[in-house]
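Encoded as structure tokens, the structure appears first; notes follow it.
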Amino acid sequence: MLERANNLNHPQYRWRLVLGVGLLCAVLHAALIRRLDLGEWQPDLFSIAALYFSLYANRQGRYLPCMVLGLVRDFLSLGLLGSYAVLYSLLHKLASKARLRLDPDHFVNATAMAFVGTFLVNFGYHAMLALSGDGIGWSRAAMRCLTMACASAPLAPFVFVVANHGLGRLGVQRLAGGYVNV
Amino acid sequence: MPRNSEKLNLAWFLRHPLVATCILLAMTVLLPYLRVGERVKLWALLPVAWAAGEEAAATNEADLSPDERNLLELRRAREQAASLLDENNALRQALAQRSEQPADVACNFAQAPLPQTVDARVILKGDASSWRHSCVLNRGREHGIKEGMPVTCGRTLIGRTFMVDDRHCIVQLLTDPGFSAGCIIVGQGETPLRVRGVLRGDGSVRPHFPRLELEDVAVGERVEAGMKVLTNDFSGQYPPGLAVGEVREVIPQAGFLQVRIEAYLDLDSLDVVQVLLHDRPTLEQQAMQLLRRKK
């Protein structure tokens, strides 16, 4: 009985999921999204994935997976190591508080949270660029972040539904409150 | 008074995310100075460089399909063209030295000889960040490449080497926000116009012929659409005469001209590029060059 209870608390597929999702997002960003001539309307898949972990993972599976996802992005990009890791750690703090008031299973809530989350992550990244002297101008950066958030937000509800369904197929347990045991 | 018996270990940090985040922030500030992050990133790309090397070594022409054989021949032709260009540049340089005239004075900007080059293949294009722009080449320190060297495709500026390992290097493309280069706008006509400006990458998201801006162009200059933008030797980081793009639009602002250019960079067509073995001259060397010109 005790062994079964321990198994229930033990996270399932956590690191395999984080690394797999991180590498998949990196490949999609570098090889697919960059090649499509979408202009400024580029979805930020990494931020949506980080938001999913922040909103749906169990209590122990939020902070570190978000940080590792950010580190994966930092490793595979030209920027300073730790930039995205810090931003996704802060995103997890914000999303955890927002989840107490908003139900992420609701379409409008998920879209709104993805919009705000993606905007803040990208604007924060530009702030780091500006601190190192590589900023592109605040108004222009804000416009770019807005368009990226607009392109990402509608994808979030579908990504969340597909991810929940996929994890269900993998046999990952749902915990009380709608969390998944990753 | 009860004493806190909580021990400071990894588990404690995991229970206190804010403290760990602050430490991470501090590391973000320190890592660029220690350059640890760059080394770790280069190690992360080792498997890609190794795989590209293995693929090239294992290619057996007899096993290839006609399409793959054509692709291989095209790649070889490009490498041959690149080495011919290299030889041509070396000969021009020798000719310029023989005539005992400084190259940038005697020759047209676009005909200025280029330094020795190293041909390299692009093994990874793109970047995981939405803001940064980079690609990975299969040549590194063993081939004479150092950090900050210009990377071109023919005479078109692509970017500069940013992190260099023994056998591969990462290139910062000219669309990256951290990239900047002194440029000159060249006008054609009876009275050739040369206007200075600074090209800065803006994280442009267009993969083909991105639109960039040229900063610090003095107001009153007669800059028009269609004029060519080339690198100049003002800072010495890039050799003069590398093609950057073409002026598309000029918007007068208070105190300066906002010049929008269309860069010649086309990320999809990048296959074989050249790294120019060009070292940025020291301040003393630049001063000596200026003195020689005045004489």
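Computed from a predicted structure; not experimentally measured. Every chain is numbered from 1, with letters handed out A, B, ... down the list of sequences. Basis for what follows: all heavy atoms, side chains included, without hydrogens, waters or symmetry-related copies.
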**Study point:** Heavy-atom pairs under 4.5 Å with chain B, option from A:Arg140, A:Gln42, A:Met67 with the top count
**Key:** A:Arg140

Point to revise | Portion of A:Asp74 that has a non-hydrogen atom of chain B nearer than 4.5 angstrom | key: backbone

Point to revise | B:Asn232 vs B:Arg196 side-chain heavy atoms within contact, under 4.5 Å | key: yes

Point to revise | Contact winner vs chain B - A:Ala30, A:Gly133, A:Cys25, A:Ala26, heavy-atom pairs under 4.5 Å | key: A:Ala30

**Study point:** Heavy-atom side-chain contact between A:Tyr56 and A:Asp105 under 4.5 Å
**Key:** yes

Point to revise | Cation-pi check, A:Arg99 onto A:Tyr179 ring (under 6.0 Å, within 45° of axis) | key: yes

Point to revise | Per-residue contact mode, B:Glu213 against chain A (heavy atom under 4.5 angstrom) | key: side chain

**Study point:** Test item: A:His126 side-chain N/O and A:Ile136 main-chain N/O as donor-acceptor pair under 3.5 Å
**Key:** yes

Check your understanding: Which region of A:Glu40, side chain (C-beta onward) or backbone (N, CA, C, O), has a non-hydrogen atom less than 4.5 Å from a non-hydrogen atom of chain B, or is it both or neither?
Key -> both

Practice item. Could you look at A:Leu76 and say if it's the side chain, the backbone, both or neither that has a heavy atom under 4.5 Å from chain B? Key: both

Exercise for review: Compare all side-chain heavy atoms of A:Lys93 with those of A:Tyr63 and state whether any distance is below 4.5 angstrom.
Suggested key: no

